[in-house]
Amino acid sequence: LTGALRYEDFSDFGNTTNWKVSGRFDATDTFAIRGAANTGFRAPSMQQQFFNSISTQFVSKPGVEGLVPEERGTFRNDSAVAKALGIPKLSEEDSDNYSLGFIWNMADNISLTVDWFKVDIEDRIVLSGAISATNPAIPAAVRNVLLANNIGAAQFFTNAGKTTTDGVEAVFNWSVPTSNGGMFRLDASAAFISTDVSGDVNTDG
């Protein structure tokens with residue numbers, strides 16, 4: 001049975017504390033059970049924190065057939081536009097991770113491992129939907145700046161996503177000595193994984 005605790009402090013977004021526990025139990029000489037649980041994080045990347053651009057994007061508009069070009073600005077979260085709109089500063093992505101499985105050495109040259117895992121990630125950093133420059137709910141000063149620069153909409157990176165990934169992975173190993181003193185080894189693996197996504201991550205308005 002093992003455990004760990006880690007504290008880290010980042011000058012640009014704050015601090016985080018994470019832990020991990022894991023264990024292995026040898027039920028017999030050939031069969032063992034293992035499992036682990038831990039928390040984790042991913043700090044915002046430099047691109048997500050400091051990226052600014054104005055680009056032409058082809059988007060759909062109500063009452064308009066097909067896609068139309070629109071100038072959209074992607075603004076960093078500490079910009080004047082973001083602050084005026086109340087866009088919060090980016091924080092880290094937090095995760096909870098769990099796994100449980102077994103190791104079975106069926107013979108000296110045959111083994112099978114099967115592991116179930118689950119990963120929950122909160123506050124995933126995603127690109128927001130576009131906020132229209134003509135939206136009457138945004139401050140007039142921001143609206144005027146966007147329109148004066150021919151920017152039809154603004155978007156930002158934000159901690160708005162949540163994903164849950166779970167699945168099962170299996171690995172089979174079989175090895176046989178060859179007549180010339182070498183070793184023939186066969187490895188087969190399979191994985192069954194699914195991911196659910198939630199969060200208000202892509203709404204234009």
Quiz prompt | Electrostatic pair E122:R124 at N-O distance under 4.0 angstrom | solution = no
Self-check item: Non-hydrogen side-chain atoms of V81 and F156 separated by less than 4.5 Å
Solution: yes
Exercise. Please assess K89 against K83 for the test side chain to side chain contact (heavy atoms under 4.5 Å, CB included), listing each intermediate value before the final yes or no.
Key: CA-CA 9 Å; K89 185 178 179 181; K83 290 179 179 179; over 6 Å; no
Self-check item: Heavy-atom side-chain proximity of I87 to F75 below 4.5 angstrom
Solution: no
Practice problem: Decide if the gap between the ring center of F41 and the ring center of F10 is smaller than 6.0 angstrom. | Solution: yes
Exercise. Measure the shortest side-chain to side-chain distance between F51 and T74 over non-hydrogen atoms and say whether it is less than 4.5 angstrom.
Key: yes
Practice problem: Indicate yes or no: at least one non-hydrogen side-chain atom of F102 is less than 4.5 angstrom from one of T113. | Solution: no
Quiz item: Quick one: are the ring centres of Y98 and F117 less than 6.0 Å apart?
Solution: no
Quiz item: How long is the gap from CD1 on I131 to CD1 on I138, to the nearest 0.5 Å?
Solution: 7.5 Å
Self-check item: Spacing of N173 atom CG and S189 atom OG [to the nearest 0.5 Å]
Solution: 9.5 Å
Self-check item: same_hphob_cluster(W116, L112) at 4.5 Å side-chain heavy-atom cutoff
Solution: yes
Practice problem: Start with the C-alpha gap between S194 and D166, add the side-chain angles, then the distance that decides, and say whether side chain to side chain contact (heavy atoms under 4.5 Å, CB included) holds. | Solution: CA-CA 6 Å; S194 65; D166 58 357; 2.9 Å; yes
Exercise. Answer yes or no: are there more than 12 heavy-atom neighbours, outside D9 itself, under 6.0 Å from its atom CG?
Key: yes
Quiz item: Under 4.5 Å between any side-chain heavy atoms of R72 and V59, yes or no?
Solution: yes
Exercise. Would you kindly say whether S53 and S55 are connected by a side-chain donor-acceptor distance under 3.5 Å?
Key: no
Quiz prompt | Matching residue for T164 among D196, T195, D120 - test: side-chain hydrogen bond (donor to acceptor under 3.5 Å, both in side chains) | solution = D120
Quiz item: Within a radius of less than 6.0 Å around CE of M46, do more than 12 heavy atoms belonging to other residues, nucleotides or ligands occur?
Solution: no
Self-check item: Non-hydrogen side-chain atoms of K61 and E70 separated by less than 4.5 Å
Solution: yes
Quiz item: Do the side-chain N and O atoms of T16 and N18 include a donor-acceptor pair separated by under 3.5 angstrom?
Solution: yes
Quiz item: When clusters are formed by joining ILVMFWY residues with side-chain heavy atoms under 4.5 Å apart, either directly or through shared neighbours, do V197 and V119 land in the same one?
Solution: no
Exercise. Report the C-alpha distance between R42 and I125 in whole Å, list the side-chain angles of each, state the deciding distance to 0.1 Å, and finish with yes or no for side chain to side chain contact (heavy atoms under 4.5 Å, CB included).
Key: CA-CA 10 Å; R42 189 185 73 84; I125 299 173; 4.0 Å; yes
Quiz item: Should D115 and R34 count as an ion pair when the cut-off is N to O under 4.0 Å?
Solution: yes
Practice problem: Looking only at non-hydrogen atoms, find the nearest pair between E169 and A191 and report the distance. | Solution: CG-CB, 3.9 Å
Practice problem: Might you point out which heavy atoms bring V126 and A160 nearest each other, and give the distance in Å? | Solution: CG2-CB, 4.1 Å
Exercise. Show the numbers, then the answer: is there a side chain to side chain contact (heavy atoms under 4.5 Å, CB included) between L90 and Q48?
Key: CA-CA 8 Å; L90 288 177; Q48 291 167 336; 4.1 Å; yes
Quiz item: With the 4.5 Å side-chain cut-off for hydrophobic clustering, are V21 and L5 part of the same group?
Solution: yes
Exercise. Determine the minimum heavy-atom distance between N150 and E71, stating which atoms define it.
Key: O-CB, 3.2 Å
Quiz item: How far does CG of N38 sit from CH2 of W19, to the nearest 0.5 angstrom?
Solution: 7.0 Å
Practice problem: Decide if atom OH of Y7 counts as having more than 12 heavy atoms of other residues, nucleotides or ligands within a radius under 6.0 Å. | Solution: yes
Quiz prompt | Main-chain N/O of A137 paired to N135 side chain as donor or acceptor, under 3.5 Å | solution = yes
Self-check item: salt bridge (Lys or Arg N to Asp or Glu O under 4.0 Å) between D123 and K162, worked out
Solution: CA-CA 6 Å; D123 300 325; K162 177 182 178 181; over 6 Å; no
Quiz item: Roughly how far, to the nearest 0.5 Å, is the CD1 atom of I54 from the CG atom of N149?
Solution: 6.0 Å
Quiz item: Same cluster for V114 and M106 if Ile/Leu/Val/Met/Phe/Trp/Tyr side chains link at under 4.5 Å?
Solution: yes
Exercise. For atom CG of D29, decide whether the heavy atoms of other residues, nucleotides or ligands shown that lie under 6.0 angstrom number more than 12.
Key: no
Quiz item: Hey, what do you get for CZ (F184) to OG (S179), rounding to the nearest 0.5 Å?
Solution: 13.0 Å
Quiz prompt | Minimum-distance pair of heavy atoms, taken over all atoms of L67 and S60 | solution = CD2-N, 3.7 Å
Quiz item: Which pair of heavy atoms, one from A82 and one from N77, lies closest together, and at what distance?
Solution: CB-O, 3.5 Å
Quiz item: Are T39 and D96 linked by a side-chain donor-acceptor pair shorter than 3.5 Å?
Solution: no
Quiz prompt | Min side-chain heavy-atom separation I151-L147 under 4.5 Å | solution = no
Quiz item: For W104, does the CH2 atom sit with more than 12 other heavy atoms under 6.0 Å from it, leaving out its own atoms?
Solution: no
Quiz item: Is T178 close to V176 at the side-chain level, that is, under 4.5 Å between some pair of heavy atoms?
Solution: no
Quiz item: So, for A154 and L146, which heavy atoms are closest and what is the spacing to 0.1 Å?
Solution: CB-CD1, 4.3 Å
Quiz item: Going by distance alone, is a donor N or O of one side chain under 3.5 Å from an acceptor N or O of the other, for S22 and T2?
Solution: yes
Quiz item: Under a single-linkage definition using a 4.5 Å side-chain heavy-atom cutoff for Ile, Leu, Val, Met, Phe, Trp and Tyr, are L186 and I110 assigned to the same hydrophobic cluster?
Solution: yes
Quiz item: Could you state the interatomic distance from OG (S111) to CG (N105), rounded to the nearest 0.5 Å?
Solution: 5.5 Å
